[in-house]
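These notes concern the structure reproduced below.
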Amino acid sequence: MVSPVGTSIQRSSIRPLLDLSDAAIHGNFEERDPTILLPNQSDDISHLSLDIGGSLIKLIYFSRHEDFLVNDKRNKSSPILGGRLHFIKFETHKINECLEFIRSKQLHIGDGDNAVIKVTGGGAYKFADLFKEKLGVSIEKEDEIDCLVTGANFLLQAIRHEAFTHREGHKEFVQIDHNELYPYLLVNIGSGVSMMKVDGDRKFQRVNGTNVGGGTYWGLGKLLTKCNSFDELLELSQKGDSRSVDMLVGDIYGGLDYSKIGLSAATIASSFGKVISEDKEIEDYRPEDISLSLLRMISYNIGQISYLTALQLGIKRIFFGGYFIRGHAYTMDTISFAIQFWSKGGAEAMFLRHEGFLGALGAFMSNNKHGLDHLMVHQLVERFPMGAPYTGGKIHGPALGNLSEKASFYTTHVHVISWMEKFVQKGTQITDPVPMASPRTTGLGGFEAPSSKGDILRSDESNLNVGVLHLVPSLEVFPLLANPKSYEPNTIDLADPNELEYWFTVLSEHLPDLVDKAVASEGGTDDARRRGDAFARAFSAHLARLMEEPAAYGKLGLANLLELREECLREFNFFDAYRTIKQRENEASLAVLPDLLLELDSMNEETRLLTLIEGVLAANIFDWGSSACVDLYHKGTIIEIYRMSRKKMQRPWRVDDFDAFRERMGFGAHKRALLFVDNSGADVILGMLPLARELLRRGTEVVLVANSLPALNDVTAVELPKIVAEAAKHCDILRGAAEAGGLLVDAMNNILEVSRQKLPSTPLMVVGNGCGSPCIDLRQVSSDLAAVAKDADLVILEGMGRALHTNYNARFKCDTLKLAMVKNQRLAEKLIKGNIYDCVCRYEPLR
Ligand SMILES: Nc1ncnc2c1ncn2[C@@H]1O[C@H](COP(=O)(O)OP(=O)(O)O)[C@@H](O)[C@H]1O
Ligand SMILES: CC(C)(COP(=O)(O)O)[C@@H](O)C(=O)NCCC(=O)O
Ligand SMILES: [Mn+2]
């Protein structure tokens with residue numbers, strides 16, 4: 001039996017606090033990213049793995065965090081711990097930076113006596129002594145190819161939006177059926193190139209390779225262009241025109257296509273071949289053109305060898321990894337083109353978001369001590385923090401001014417941790433344009449010059465290319481989903497640029513009001529204001545980044561954006577922005593509840609059910625996330641708005657299945673109902689609770705399913721027991737049910753005057769859903785919710801976020817009722833061909 005949510009969800013368990021005592025900036029204050037030493041802080045890090053390659057060191061570490069769901073009682077015995085996986089890279093020739101990073105974060109200490117450091121790549125051999133000398137640790141070596149394959153298999157099975165195709169500037173995520181994953185060809189383009197045929201878990205063979213790889217591009221490029229960094233070289237290529245160095249078919253055929261064998265005039269006949277006939281020195285060529293020619297030469301070559309290898313083995317799918325790809329649109333397009341061209345469409349190139357980290361991930365997975373080797377897709381949540389440090393609950397520094405004001409602050413405030421310096425730098429990197437090459441092909445095998453959108457590569461330093469993977473072992477797939485495999489939570493796909501722009505504008509315009517509320521919720525102090533500013537800046541930067549590259553963080557739907565906003569607030573330590581508003585609305589609603597219940601009790605059953613549904617729809621107007629509603633609040637009081645809203649409840653509603661629902665409802669029609677509740681105040685107290693009471697009265701057990709973490713003015717599972725206890729003071733049905741559901745155990749102590757007569761025992765329970773967003777992705781819910789769902793035969797989803805933005809098209813294995821008032825004109829038009837404030841009552845019985 002489920003017990004109510006207690007006090008297990010605590011602030012401190014979600015946001016780790018750093019021990020800042022004796023903190024000091026290490027090294028030169030003027031340097032760009034000074035290391036901050038926190039000698040007394042243990043991040044509770046237990047697992048570190050590295051892939052030390054010829055060019056780059058890839059580091060993954062796991063920091064243990066008691067994420068809010070790990071407190072779940074049933075998981076106490078589970079060996080899997082909640083925590084976060086962080087992905088970092090260094091250049092191999094700067095190994096000392098890497099060692100310093102490990103030391104400053106104490107990654108080599110671990111939680112027990114000895115941390116296990118799994119290392120793969122040649123550096124495991126080359127630098128073993130250095131690790132011993134500098135850090136006093138022995139490393140455990142892991143086979144490189146083994147790790148690459150393990151890493152790729154893990155990513156392809158555990159991360160939902162990992163693999164994607166990239167054609168003509170367009171990125172598309174591919175859903176890979178686990179049963180159809182093998183065999184595939186894995187091509188890892190690091191310094192050199194390895195090709196593996198993968199047939200299963202640890203079943204693989206290295207089938208090919210080439211010495212012309214990422215090291216060749218960077219090495220030759222450095223020599224020929226005098227570039228100082230790989231990124232600089234790659235950026236140059238974006239402005240290049242390789243025709244000045246490449247010999248094209250047209251150059252040989254007097255401008256004509258060699259159409260007999262399918263080669264267009266623009267096809268490269270010989271990379272760098274044009275140079276031979278020209279009497280020029282290297283200075284006479286543009287470095288941009290050289291870089292592009294090199295990039296094309298190497299990418300085509302790898303594409304061609306990969307294709308031939310796949311052909312020889314009869315494999316259709318080729319996944320490309322390795323840091324050479326660097327998320328670079330043109331590189332991916334070139335490789336895709338080569339595969340498509342040579343295979344005539346028979347084979348497909350796919351890329352991986354964690355491209356460079358395959359080996360490091362494999363090394364990490366080879367450490368069976370953390371018990372993370374069988375993580376499932378539903379247990380992983382990827383987040384993209386901006387890097388605001390946790391500093392004892394406070395973010396230090398003066399109010400943020402203009403981005404250009406950063407320098408003076410930094411030199412005068414070195415005694416506090418300069419989160420600002422890092423943040424401003426990150427914000428700038430994030431809003432930098434991302435190159436989105438959309439090369440036009442001639443169709444005959446030639447590429448025109450890339451037409452990239454920007455000229456700056458997004459720095460990896462921003463850490464927003466791959467996020468932090470949160471491992472939440474207690475998340476599960478909602479067991480009542482009719483078809484979990486094809487389930488798509490988002491109703492609105494933001495792939496449509498118009499849609500994207502509309503929602504971005506809506507969210508941007510709502511930002512000042514949200515910041516006001518957030519700052520007020522933390523007492524309006526200077527510190528809160530600074531954090532408010534920083535939050536607004538961070539969220540705007542995320543929006544700008546996504547506007548430019550919508551798939552940057554994985555497939556983008558409206559629900560993801562709304563969740564990102566909540567996560568971003570939390571990152572800046574705003575735990576509950578609408579705290580006071582929620583309290584005020586709860587109090588006002590509880591005050592009128594007894595009268596409402598009296599009125600309802602005077603009705604006959606049929607009228608009552610209709611009035612109850614009307615009540616839910618009318619009260620769903622209290623939504624602080626909708627700009628239209630926020631305008632309403634500035635014009636009237638809660639009670640005025642509620643009255644107005646109730647008066648407008650004329651049937652038929654825009655979507656109106658009420659009659660079918662009423663027909664189904666009788667005494668004991670359902671054994672257990674899950675009520676996914678939405679907003680605080682009138683919505684839950686005058687809308688959903690009275691409906692719950694009606695179900696209880698009809699002998700149906702009720703589980704109120706609420707957010708585990710705050711989001712806008714949504715009620716949370718922690719807040720609900722107190723609200724129910726207050727309501728129960730005025731209602732025997734609710735009191736008996738809450739007692740039977742174990743809800744009043746704590747609350748009863750406060751209401752001793754209540755008579756303890758034996759009451760009917762249909763239980764009312766509360767359960768946290770595992771999320772902190774106004775929407776709900778039912779592929780990742782708390783195990784508590786999954787457990788209660790098993791006996792449920794009615795699901796009621798309420799509110800725009802849970803019933804419209806997400807799950808409007810979801811099908812369930814039981815009767816389902818979706819209730820919402822539409823508080824956005826565009827959504828009303830698009831979804832129900834109606835208008836703002838229209839209502840949806842969609843009933844989908846299980847036949
Ligand atoms: N910042 C960078 N510095 C050096 N090389 C980079 C960088 N970013 C991407 N690369 C490319 O990635 C290649 C290394 O890829 P990687 O998968 O890390 O292989 P390895 O394990 O051999 O180091 C380099 O040869 C270069 O082409
Ligand atoms: C965030 C919300 C989904 C919350 O709605 P609810 O689930 O509370 O009905 C909604 O407020 C929303 O879609 N807001 C953004 C659109 C707008 O301002 O119109
Ligand atoms: Mn809401």
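FYI, side chains are in, hydrogens and waters are out, and symmetry mates aren't considered; it's all heavy atoms of this structure. Keep in mind it's a predicted model, so treat the numbers as computed, not measured. When a ligand or atom number is given, it counts from 1 through the structure's own listing order. The residues of the chain are indexed from 1 along the displayed sequence.
With hydrogens and angles left out, the side-chain atoms of Asn707 and Arg802 include a donor and acceptor closer than 3.5 Å.
Protein N/O/S atoms closer than 2.8 Å to the Mn ion (ligand 3): Asp678 OD1, Asn679 OD1, Asp714 OD1.
For ligand 1, the polar-atom distance check against Gly192 finds no nitrogen or oxygen pair separated by under 3.5 Å. The shortest N/O to N/O separation between Asp231 and ligand 1 does not fall below 3.5 Å. An N or O contact shorter than 3.5 Å links Tyr323 to ligand 1 by distance. Here's the thing with Gly322: none of its N/O atoms is less than 3.5 angstrom from an N/O atom of ligand 1. Considering backbone and side-chain N/O of Asp51, none are found under 3.5 Å from N/O of ligand 1. In terms of N/O distances under 3.5 Å, ligand 1 is not approached by Thr92.
For Gly53 against Thr92, the heavy-atom pair with the smallest separation is O-OG1, 2.9 Å. Nearest approach of Ser508 to Pro512, heavy atoms of both residues: O-CD, 3.6 Å.
Remark: minimum distance from atom 3 (C) of ligand 2 to any protein heavy atom is reached at His805 CD2, 3.1 Å. Residue, atom and distance of the protein heavy atom nearest to atom 10 (C) of ligand 2 are Asp623 OD2, 3.3 Å. The protein non-hydrogen atom at the shortest distance from atom 9 (O) of ligand 2 is Lys823 NZ, 2.5 Å. Of the protein's non-hydrogen atoms, Leu712 CD1, 3.4 Å is the one closest to atom 1 (C) of ligand 2. Summary of contacts: the protein heavy atom closest to atom 7 (O) of ligand 2 is Gly801 N, 2.7 Å. Here the protein heavy atom with the shortest distance to atom 6 (P) of ligand 2 is Asp678 OD2, 3.0 Å. Taking atom 18 (O) of ligand 2 as the reference point, the nearest protein heavy-atom neighbour is Ser627 N, 2.8 Å. From the protein, the heavy atom lying nearest to atom 14 (N) of ligand 2 is Gly625 O, 3.0 Å.
Ring-plane geometry between Phe351 and His166 is classed as perpendicular, the angle between the planes exceeding 60 degrees on a 0 to 90 degree scale with a lower cut at 30. Between His86 and Tyr61, the ring planes lie parallel to each other; the angle is under 30°, not in the 30° to 60° tilted range. Relative orientation of the Phe539 and Phe535 rings is parallel, given thresholds of 30° and 60° on the angle between their planes.
Stacking of Lys89 on the aromatic ring of Tyr323 is recorded, both the 6.0 Å distance cut-off and the 45° axial limit being met.
Residue contacts with ligand 1 leave out Glu355, since none of its heavy atoms falls under 4.0 Å from the ligand. Under the 4.0 angstrom criterion for non-hydrogen atoms, Gly356 is not in contact with ligand 1.
Near Asn679, meaning under 4.0 Å from one of its heavy atoms, ligand 2 places the atoms 8 (O). Every atom of ligand 2 with a heavy atom of Met800 under 4.0 Å away is listed here by number and element: 5 (O), 6 (P), 7 (O), 9 (O), 10 (C), 12 (C), 13 (O). Every atom of ligand 2 is numbered from 1 in the order shown, and the set under 4.0 Å from a heavy atom of Gly799 is 7 (O), 9 (O). For ligand 2, the atoms closer than 4.0 angstrom to any heavy atom of Asn824 are 16 (C), 17 (C), 19 (O).
Heavy-atom proximity to atom 10 (N) of ligand 1, evaluated over Trp218, Phe90, Phe230, Tyr217, is greatest for Phe230.
Exactly one of Asn490, Leu827, Thr491, Leu831 qualifies for a side chain to side chain contact (heavy atoms under 4.5 Å, CB included) with His805. That residue is Leu827.
A salt bridge does not link Glu355 with Arg326: none of the charged nitrogens is closer than 4.0 Å to a carboxylate oxygen. Ion pairing of Arg353 with Glu162 is absent here, as no side-chain N (NZ or NE/NH1/NH2) approaches a carboxylate O to less than 4.0 Å. Between Glu829 and Arg826 no salt bridge is recorded (no basic side-chain N to carboxylate O distance below 4.0 Å). The existence of a salt bridge linking Asp838 and Lys823 is excluded, since no basic side-chain nitrogen approaches an acidic carboxylate oxygen closer than 4.0 Å. Look at Asp631 and Lys635 and you find no salt bridge, because none of the NZ, NE, NH1 or NH2 atoms lies under 4.0 Å from a carboxylate O.
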(request) Please report the C-alpha distance between Asp496 and Tyr502 in whole Å, then the side-chain angles of each, then the deciding distance to 0.1 Å, and finally whether the side-chain hydrogen bond (donor to acceptor under 3.5 Å, both in side chains) criterion is met. (result) CA-CA 10 Å; Asp496 171 353; Tyr502 171 78; over 6 Å; no
(message) Between Asp576 and Lys582, is the salt bridge (Lys or Arg N to Asp or Glu O under 4.0 Å) condition met? List the steps.
(response) CA-CA 10 Å; Asp576 190 354; Lys582 294 197 294 184; 3.2 Å; yes
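When side chains are defined from C-beta on, Tyr837 does not count as touching Lys648, because their heavy atoms never get closer than 4.5 Å. Proximity of Leu50 to Phe131: side-chain heavy atoms (C-beta onward) are separated by under 4.5 Å at one or more points.
Looking at Trp503 against ligand 2, only its side chain comes within 4.0 Å, counting heavy atoms. At a heavy-atom distance under 4.0 Å, only side-chain atoms of Asn620, from C-beta outward, approach ligand 2. Residue contacts with ligand 2 for Met821 are absent, since no atom lies close enough (heavy atoms, distance under 4.0 Å).
Other residues, nucleotides and ligands contribute only 12 or fewer heavy atoms inside 6.0 Å of the CD atom of Glu501.
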